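All values derive from a computational prediction rather than experimental measurement.
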Amino acid sequence: MPSAEFRRYLFPPGHPRIGGLKGLDPYAYREFAQAEGTFTGELIRGWRPLYKNDFRGVTEDGSLREGLYPLEPAERGERAPVAEMVAAARELLGRLDDAGRDRIRHPVDAVEWQTWANPEFLQFDTGLRLEFQPPEVRRAALGLVRASLSAEGYEEVRTMMRINGFLGDVVGLENILNEFSYNIALYGTPDEHAPWGWQLFGHHCAVNCLVVQGRSTIGPLFLGAEPNQIDAGPHAGTTAFTERIALGRRIMDALTPELRAKVTVFERMVDPEMPEGRVHPGDERHLAGAFQDNRVIPFEGVRVRDMSHTARELTWAAVEEFHKALPAGPRAARMREIRSHLDETWFCWIGSHEPDDVFYYRIQSPVVVAELDHHCGVFLDYDSPKPFHVHTVLRTPHGNDYGRSWVRQWQQGRHR
């Protein structure tokens with residue numbers, strides 16, 4: 001296949017952005033990334049203290065709404081594949097020695113849930129680093145991911161991991177960017193009914209999965225790619241986020257000019273009308289990323305109920321696309337939950353929506369925050385957002401990220 005556009009932006013050989021990182025393992029790079037005065041060091045100093053904050057959850061106005069996530073057994077046809085998940089988790093634990101089991105396991109409500117991050121530099125070494133594990137442990141870890149997600153969700157996670165390895169090959173930094181540059185951790189004890197879960201995180205991929213009483217959740221979920229396609233090697237032809245990007249444009253195309261103007265909160269990706277701090281040096285435009293567990297994110301744009309039927313259905317299709325990692329049963333339950341808040345669901349946009357334009361959009365209600373943003377270069381040389389660098393974030397606001405609301409209800413005995 002022809003070379004992709006991203007290859008125009010490769011750093012030249014020996015450039016300090018790349019050359020200074022060659023040969024560093026993840027732990028040496030962690031020290032390098034934290035150095036005073038570096039871009040990464042400033043990011044780490046801003047993010048690091050946040051994970052210790054008492055968890056409340058993302059809200060739109062700072063007020064936490066109770067009762068949004070009643071802990072009830074899964075309805076018929078909406079059950080998670082719990083037996084398969086338990087078997088896969090036990091298989092993983094059985095592949096580890098005592099030290100590995102001690103390192104990978106945490107209490108179900110541990111603060112370590114909140115240490116996940118999506119950059120390539122290792123801020124918190126939670127759980128086990130897959131690249132340093134033997135093949136049988138890697139296979140078992142991926143087996144747990146496969147057992148917990150839909151087939152297309154598992155493939156999407158693997159795509160993020162493969163693209164990361166591909167990027168490492170392209171820029172010559174396989175030491176810090178490879179297919180297994182990810183940590184995995186378990187929370188709680190694998191069980192058919194009681195709450196427990198797992199976490200996989202690293203560059204451009206972070207999944208937090210919890211299951212209880214047959215119900216499962218996958219938030220926070222961060223998936224990203226630079227570039228969003230593979231143009232060489234055994235996985236050539238792989239792409240990411242094409243449907244999510246297309247749905248955003250189709251929603252905008254389905255709006256009247258008046259509504260399109262209302263949903264567009266800023267016309268440029270870096271707009272002089274933006275308040276100070278609206279574009280973060282690490283997160284850029286997205287608001288619900290790593291360490292933002294308690295962020296206040298006001299509703300913006302227009303209510304989905306005010307859109308045409310076509311635009312509403314495209315918005316629901318986008319929401320479902322963001323949730324495709326969930327197995328069919330839990331996904332159906334989640335979509336039912338989200339649709340019940342139609343009157344409080346908002347859609348907003350930053351940028352233009354012409355073909356090949358870059359943009360940001362967010363779908364938000366009391367029970368969901370879904371974001372897509374085009375980003376500037378990190379390991380490729382460009383300083384304005386490009387269509388081939390994409391970040392997406394999915395949150396469960398008002399306290400059920402990490403299934404935390406369900407866990408608290410279980411601990412308080414509020415379950416059947």
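- Nearest heavy atom pair, residue Trp116 against residue Gln199, reads CB-NE2, 3.8 Å.
- Checked against the 6.0 Å centroid threshold, Tyr9 and Tyr382 count as a close aromatic pair.
- No hydrogens or angles considered: a donor-acceptor pair under 3.5 Å links the side chains of Thr126 and Thr115.
- Between Arg249 and Asp357, no side-chain nitrogen of the basic residue sits less than 4.0 Å from a carboxylate oxygen of the acidic one, so the salt-bridge criterion is not met.
- Using cut-offs of 30° and 60° on the angle between ring planes, the pair Tyr187 and Trp113 is parallel.
- Ionic pairing of Arg162 and Asp169 is not present here: no N-O contact between side-chain nitrogen and carboxylate oxygen is shorter than 4.0 angstrom.
- Within 6.0 Å of the CG atom in Asp383, the count of heavy atoms belonging to other residues, nucleotides or ligands does not exceed 12.
- Contact annotation: the side chain of Val368 approaches that of Leu394 to within less than 4.5 Å [non-hydrogen atoms, C-beta and beyond].
- You'll find the ring centres of Phe222 and His391 inside the 6.0 Å limit.
- Remark: Glu152 does not engage Arg158 in a salt bridge, criterion side-chain N to carboxylate O under 4.0 Å.
- For the 3.5 Å distance criterion, the side chains of Gln411 and Asp109 qualify, holding a donor opposite an acceptor.
- More than 12 heavy atoms of other residues, nucleotides or ligands lie within 6.0 Å of CZ in Arg17, so this atom counts as buried by the packing criterion.
- Taking the charged nitrogens against the carboxylate oxygens, Glu344 and Arg305 have no contact shorter than 4.0 Å, which rules out a salt bridge.
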Open item on the list: Does Glu321 form a salt bridge (charged side-chain N to carboxylate O under 4.0 Å, His left out) with Lys324? I'd like the steps, not just the answer.
Closed with: CA-CA 5 Å; Glu321 173 69 17; Lys324 71 180 182 181; 3.1 Å; yes
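- Between Glu75 and Arg215, no side-chain nitrogen of the basic residue sits less than 4.0 Å from a carboxylate oxygen of the acidic one, so the salt-bridge criterion is not met.
- Counting heavy atoms from C-beta outward, Asn183 and Asp125 have side chains that approach closer than 4.5 Å.
- Here the CG atom belonging to Leu247 is positioned 12.0 Å from the CD atom belonging to Glu313, to the nearest 0.5 angstrom.
- Here Glu174 does not pair with Lys22 in a salt bridge; the nearest charged N to carboxylate O distance is not below 4.0 Å.
- Scanning all heavy atoms of the two residues, the minimum distance from Val265 to Ile350 falls at CG2-CG1, 3.6 Å.
- With rounding to the nearest 0.5 angstrom, the CZ atom of Arg285 is 11.0 Å from the CG atom of Leu372.
- Of the charged side-chain nitrogens involved, at least one lies within less than 4.0 Å of a carboxylate oxygen, so that Glu91 and Arg95 count as a salt-bridged pair.
- Relative orientation of the Phe11 and His15 rings is tilted, given thresholds of 30° and 60° on the angle between their planes.
- Val170 places a side-chain heavy atom less than 4.5 Å from the side chain of Arg7.
- Tyr182 and Phe201 have their aromatic ring centers separated by at least 6.0 angstrom.
- Between Gln123 and Arg30 there is no side-chain heavy-atom pair separated by less than 4.5 Å.
- Ring centers of His374 and His286: at least 6.0 Å apart, outside the cut-off.
- By the 6.0 Å contact criterion, NZ on Lys52 is open, its count of non-hydrogen atoms from other residues, nucleotides or ligands being 12 or less.
- Under a cutoff of 6.0 Å and an axis angle of 45°, Arg244 and Phe322 form a cation-pi pair.
- If you look at Phe55 and Tyr402, their ring centroids are closer than 6.0 Å.
- The backbone N or O of Gly127 sits less than 3.5 Å from a side-chain atom of Arg103, completing a donor-acceptor pair.
- You'll find the side chain of Leu43 stays beyond 4.5 Å of the side chain of Pro119, heavy atoms only.
- Val358 places none of its side-chain heavy atoms less than 4.5 Å from the side chain of His389.
- The side-chain heavy atoms of Leu68 and His341, taken from C-beta on, include a pair separated by under 4.5 Å.
- Scanning all heavy atoms of the two residues, the minimum distance from Leu200 to Met161 falls at CD2-SD, 4.3 Å.
- Counting heavy-atom neighbours within 6.0 Å of Arg250 CZ, excluding the residue itself, gives a total of 12 or less.
- Atom CG of Asp54 has 12 or fewer neighbouring heavy atoms from other residues, nucleotides or ligands inside a 6.0 Å radius.
- Listed here is the closest heavy atom pair of Pro70 and Trp406: O-NE1, 3.9 Å.
- Under the 6.0 Å distance and 45° angle rule, Arg146 counts as a cation-pi partner of Tyr154.
- A heavy-atom distance below 4.5 Å is found between the side chains of Leu342 and Trp316.
- Sparse packing is recorded around CG of Asp356, with 12 or fewer heavy atoms of other residues, nucleotides or ligands lying under 6.0 Å away.
- The heavy-atom pair separating Ala288 from Arg395 by the smallest distance is O-NE, 2.8 Å.
- A cation-pi geometry, defined here as NZ or CZ lying under 6.0 Å from the six-membered ring centre and within 45° of its normal, holds between Arg278 and Tyr360.
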